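Worksheet for the structure shown next.
Sequence positions, counted from 1, serve as the residue numbers for this chain. Because the structure is a prediction, the values reported are computed rather than measured.
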Amino acid sequence: QVQLVESGGGLVQPGGSLRLSCAASGNIFSVQAMNWYRQAPGKQRELVAHTTTDGTTNYADSVKGRFTLSVDNAKKTAYLQMNSLKPEDTAVYYCYADLQIVTLEHGTSYYRIRDYWGNGTLVTVSS
C-alpha cells in the first residue's frame with residue numbers, strides 16, 4: 001500500500017522557520033509530482049506550492065519568496081522549507097503526490113498513475 005507521511009510541523013514564533021517533510025512509501029515506481037496544500041481553521045484547503053511536468057515550481061502569492069519546495073526523487077520525499085513565518089501561515093499542511101505505482105498481476109507488471117494525500121501536519125505560528 002502507498003502511504004504519504006508528513007512530519008516537521010509544530011509551534012514556531014513569528015519570523016521563525018520550519019522544514020516539513022513528506023515521505024512516500026509502498027509500491028512506487030516513480031514520483032511524478034509532489035505538492036503542498038494547507039488548510040487554515042474555517043477556511044478552504046489551498047495550494048501552497050506545486051511542481052509542474054516541465055520541472056518548474058509554482059507558489060501561492062502569499063508564500064512567494066518565503067517558502068521553498070524541493071523533491072528528492074531517489075528518497076521519494078518532498079520538503080517544504082518555510083522561512084519568515086507569519087501567524088497567517090498557521091494551518092494543517094498536507095502533502096499531495098502523483099505517483100506511478102507498479103503492481104504485479106498474474107505475472108505481469110502494471111504501471112499506473114495515482115494521486116495520494118497525506119494526513120497532514122499542524123503548523124502553528126504564534127508568539
Side-chain angles (χ1 to χ4, degrees):
Q1 296 296 330
V2 174
Q3 278 191 316
L4 295 181
V5 178
E6 300 102 331
S7 61
L11 174 64
V12 63
Q13 291 187 340
S17 297
L18 281 176
R19 188 192 193 206
L20 306 183
S21 298
C22 171
S25 62
N27 52 322
I28 301 166
F29 181 76
S30 69
V31 174
Q32 302 297 301
M34 295 186 82
N35 313 300
W36 288 94
Y37 285 74
R38 68 185 180 186
Q39 188 166 16
K43 295 188 177 181
Q44 290 188 331
R45 192 172 297 188
E46 63 173 352
L47 180 62
V48 175
H50 73 102
T51 57
T52 63
T53 53
D54 63 1
T56 59
T57 303
N58 295 320
Y59 299 91
D61 288 342
S62 58
V63 307
K64 278 181 183 176
R66 300 188 298 121
F67 289 11
T68 302
L69 166 65
S70 59
V71 179
D72 186 330
N73 286 308
K75 293 183 178 180
K76 301 182 179 65
T77 299
Y79 304 94
L80 187 67
Q81 178 65 44
M82 305 186 296
N83 299 327
S84 303
L85 282 162
K86 305 174 181 180
E88 51 264 42
D89 294 320
T90 295
V92 178
Y93 284 72
Y94 297 91
C95 179
Y96 175 77
D98 289 327
L99 304 172
Q100 186 178 29
I101 63 171
V102 56
T103 55
L104 185 63
E105 300 171 23
H106 305 294
T108 301
S109 294
Y110 291 89
Y111 299 85
R112 300 179 178 92
I113 304 294
R114 293 287 185 268
D115 51 79
Y116 299 88
W117 286 97
N119 289 327
T121 185
L122 177 62
V123 172
T124 303
V125 185
S126 176
S127 54

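- In the hydrophobic clustering of ILVMFWY residues, with side-chain heavy atoms under 4.5 Å counting as a link, Leu18 and Val125 come out together.
- In this structure, Asn35 contributes its side chain and Thr51 its backbone to a donor-acceptor pair below 3.5 Å.
- A ring pair (Phe, Tyr, Trp, His ring centres under 6.0 Å) check over residues 23-43, counting only residues at least two apart or in different chains, returns the pairs Phe29-Tyr111, Tyr37-Tyr96, Tyr37-Trp117.
- Every pair passing salt bridge (charged side-chain N to carboxylate O under 4.0 Å, His left out) that includes a residue from residues 108-127 is listed here, sequence neighbours excluded: Glu105-Arg112.
- Rounded to the nearest 0.5 angstrom, Asp98 CG and Gln100 CD are separated by 11.0 Å.
- In the hydrophobic clustering of this structure, Leu47 groups with Val92; members are Ile, Leu, Val, Met, Phe, Trp, Tyr whose side-chain heavy atoms approach within less than 4.5 Å, directly or through other members.
- Note that the CD1 atom of Ile113 and the OG atom of Ser30 stand 6.0 Å from one another [nearest 0.5 Å].
- Closest approach of Cys95 and Glu6 over heavy atoms only: N-OE2, 2.8 Å.
- When all heavy atoms are compared, the tightest approach of Arg66 to Leu85 is NH1-CA, 3.9 Å.
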| query | What do the steps show when you test Ile101 against Tyr116 for side-chain contact (heavy atoms from CB on, under 4.5 Å), and what is the final call? | reply | CA-CA 11 Å; Ile101 63 171; Tyr116 299 88; 3.5 Å; yes

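- More than 12 heavy atoms of other shown residues, nucleotides or ligands fall within 6.0 angstrom of atom CD in Glu88.
- Considering all non-hydrogen atoms of both residues, Leu20 and Gly9 come closest at CD2-N, 3.6 Å.
- Contact detail for Ala49 and Tyr59: the closest heavy-atom pair is CB-CD2, 3.6 Å.
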| message | Run Leu99 and Val31 through side-chain contact (heavy atoms from CB on, under 4.5 Å) and show every step you take. | response | CA-CA 5 Å; Leu99 304 172; Val31 174; 4.0 Å; yes

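- Within a 6.0 Å sphere centred on CG of Asn58, other residues, nucleotides and ligands contribute more than 12 heavy atoms.
- Salt bridge annotation for Asp89-Lys86: absent, with no cationic side-chain nitrogen under 4.0 angstrom from a carboxylate oxygen.
- For CD of Gln3, the number of neighbouring non-hydrogen atoms (other residues, nucleotides, ligands) closer than 6.0 Å is 12 at most.
- Linking ILVMFWY side-chain heavy atoms closer than 4.5 Å, directly or via other members, places Leu4 and Ile28 in a single hydrophobic cluster.
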| Which is it for Arg38 and Val63 under the side-chain contact (heavy atoms from CB on, under 4.5 Å) test, yes or no, and what are the steps along the way? | CA-CA 12 Å; Arg38 68 185 180 186; Val63 307; 3.9 Å; yes

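- Without hydrogens or angle criteria, Thr124 side chain to Thr90 main chain gives no donor-acceptor distance under 3.5 Å.
- Contact record, Ser84 with Ser17: N-OG, 4.3 Å, taken as the closest heavy-atom pair.
- A heavy-atom distance below 4.5 Å is found between the side chains of Cys22 and Met34.
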Please tabulate, one pair per line, all N/O donor-acceptor pairs under 3.5 Å involving side-chain atoms of residues 67-75, not counting sequence neighbours.
unit_1	atom_1	unit_2	atom_2	d
Asp72	OD1	Ala74	N	3.1
Asp72	OD1	Lys75	N	3.1

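- Listed here is the closest heavy atom pair of Ser127 and Pro14: N-CD, 3.7 Å.
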